[in-house]
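The chains referred to below are lettered A, B, ... by the order of the sequence lines, with proteins before strands, and numbering in each begins at 1. Here the structure is a predicted model, which means the values were calculated and not measured.
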Protein chains: 2
Amino acid sequence: MDQSQNTEERITAAAKEIFIQRGFAGARMQDIADKAGINKAMLHYYFRSKEKLFEVIFDEAFGTLMPRVQAILSSDKSVIEKFEDFADQYIALISEHPHVPLFVVHELSQDPDRFVEKIRSKGHFPKLSLFIAQLQQEVDQGRLRPYNPVHLMMNVLSMCIFPFVAKPMLKAVTQMDETTWNLLMQNRSEEVKRFLKQALIP
Amino acid sequence: MDQSQNTEERITAAAKEIFIQRGFAGARMQDIADKAGINKAMLHYYFRSKEKLFEVIFDEAFGTLMPRVQAILSSDKSVIEKFEDFADQYIALISEHPHVPLFVVHELSQDPDRFVEKIRSKGHFPKLSLFIAQLQQEVDQGRLRPYNPVHLMMNVLSMCIFPFVAKPMLKAVTQMDETTWNLLMQNRSEEVKRFLKQALIP
DNA sequence: GTCTATAATTTGATAGAC
DNA sequence: GTCTATCAAATTATAGAC
């Protein structure tokens with residue numbers, strides 16, 4: 001691990017890698033210490049417990065996504081433009097951190113209630129009601145084909161996020177190597193946007 | 001746990017629940033024993049180790065899906081009909097076992113290589129080349145809009161699987177209760193099919 | 001702040017009686 | 001086959017020297 005950072009940063013950087021790859025239950029404090037180039041005692045000196053350390057990582061992994069989503073949803077663009085922005089920005093961001101979505105989704109499913117409390121307290125709750133109203137309005141104006149708004153949002157989220165969540169499965173099933181996969185993901189955003197427009201524009 | 005089953009069945013039923021909910025690393029043999037209504041020693045008497053027991057559960061969870069997928073893909077229907085069959089059957093199946101996809105995807109990502117070896121040895125590898133050829137042919141005939149075949153398959157898989165993988169996150173973000181969620185999922189298949197047809201038919 | 005050594009706890013696995 | 005009691009290993013957490 002990079003010696004140029006201070007100890008606390010080295011720990012969080014190492015913990016991020018280990019937790020995101022192994023999950024909370026599968027992560028080992030020893031592995032985090034090794035990767036950070038220090039010993040276990042330091043982890044507790046800085047973060048007191050495994051759980052506290054995990055919380056810092058989880059909050060950051062989730063917290064970087066929601067503000068961007070909120071910014072996109074609350075702009076003054078059309079629904080289709082917002083979906084396109086989301087696909088572009090989300091896929092670009094996740095391409096840099098491909099393991100984050102699976103991490104978030106998996107840990108979240110272990111204790112959904114605690115999570116709801118957390119995002120509420122951090123103010124990360126996306127305000128979807130305005131966006132759904134906009135969606136309904138554009139349908140009424142005939143600018144979009146009529147779909148159930150929630151299903152439609154699920155479709156967009158699914159196509160942007162799922163390939164990264166299921167990367168190991170998809171790579172295995174299609175027998176792709178890493179290079180082929182990366183090339184494919186470079187086009188992902190454009191393909192999703194094309195597909196979306198065909199489905200959405202009357 | 002149901003006393004009418006024999007011990008081995010009680011164990012596998014209990015292990016399935018615990019492993020699928022907690023993952024391999026998060027599952028505790030004690031919890032499995034408790035849920036099965038027996039003691040830990042019995043688990044080892046029947047399955048020798050945690051890893052062996054896990055393998056039985058994982059193989060079953062994954063192995064029930066692939067034959068169905070293969071059957072759908074190798075029928076003599078059109079691409080769109082195959083996609084519709086997939087959406088219908090897959091969503092119906094998963095609605096009964098909503099935690100399976102996340103379980104498979106998460107455990108898979110821990111050790112992709114071992115998994116590839118496994119599905120290969122079990123003969124579960126889907127033969128996608130024929131389906132991709134059919135897809136290309138229908139595009140050439142002008143019966144489908146031209147999309148990259150792999151991206152197109154990803155889109156269908158994403159829309160069918162992701163909502164179940166991300167159920168806790170989606171429920172939290174949309175502030176849905178369980179009843180609302182179940183109602184929504186009852187319509188999922190129809191919505192996906194409608195969306196797909198609009199995107200696919202020229 | 002950082003380390004070594006060690007305590008305390010959890011957890012998978014086994015021995016042996018019935 | 002099933003149980004209780006126990007072991008052995010792994011893992012989180014802390015004590016105390018420097």
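Distance check, rounded to the nearest 0.5 Å: CE of B:M159 to CZ of B:R188 gives 7.0 Å. To the nearest 0.5 Å, atom NZ of residue A:K40 and atom CG of residue A:D31 are 10.5 Å apart.
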Pick out the pairs of N or O atoms, protein on one side and nucleotides 3-7 of chain D on the other, that lie under 3.5 Å.
{"from": "D:dC3", "atom 1": "OP2", "to": "B:N39", "atom 2": "OD1", "distance (Å)": "3.2"}

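Using a cutoff of 4.0 Å between basic side-chain nitrogens and carboxylate oxygens, B:E138 and B:K82 are not scored as salt-bridged.
The distance from atom CD1 of B:I32 to atom P of C:dT11 is 12 Å, rounded to the nearest whole Å. Rounded to whole Å, atom C1' of C:dT2 lies 11 Å from atom CD1 of A:I11. Atom CG of B:L43 and atom P of D:dG1 are 15 Å apart (whole Å). A straight line from CE of A:M29 to P of D:dT12 spans 7 Å, rounded to a whole angstrom. Counting to the nearest Å, the P atom of D:dT12 and the CG atom of A:D31 are 9 Å from each other. Atom OH in B:Y46 sits about 17 Å away from atom P in C:dT14, given to the nearest Å. Atoms OH (A:Y45) and P (D:dT14) sit 14 Å apart, rounded to a whole Å.
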task: Take A:F115 and A:F62, measure what ring-ring contact (aromatic ring centres under 6.0 Å, His included) needs, and give me the verdict at the end.
output: CA-CA 10 Å; A:F115 157 80; A:F62 189 80; 5.1 Å; yes
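In this structure, a donor-acceptor pair under 3.5 Å is absent between the side chains of A:R68 and A:Q89. With hydrogens and angles left out, the side-chain atoms of A:Q186 and A:N182 include no donor and acceptor closer than 3.5 Å.
For residues 47-56 of chain A, proximity to DNA chain D is found at A:R48, A:S49, A:K50, defined as any non-hydrogen atom under 4.0 angstrom from a strand atom.
Ring geometry, A:F83 versus A:F131: the interplanar angle exceeds 60°, so the pair is classed perpendicular (tilted spans 30 to 60°). Using bins of under 30°, 30° to 60° and over 60° for the plane-to-plane angle, the ring pair A:F54/A:F103 lands in the perpendicular bin.
Note on B:A27: only backbone sugar-phosphate atoms sit closer than 4.0 angstrom, heavy atoms only; bases stay farther off.
Contacts of B:F164 classified as ring-ring contact (aromatic ring centres under 6.0 Å, His included), with partners at least two apart in sequence or in another chain: none.
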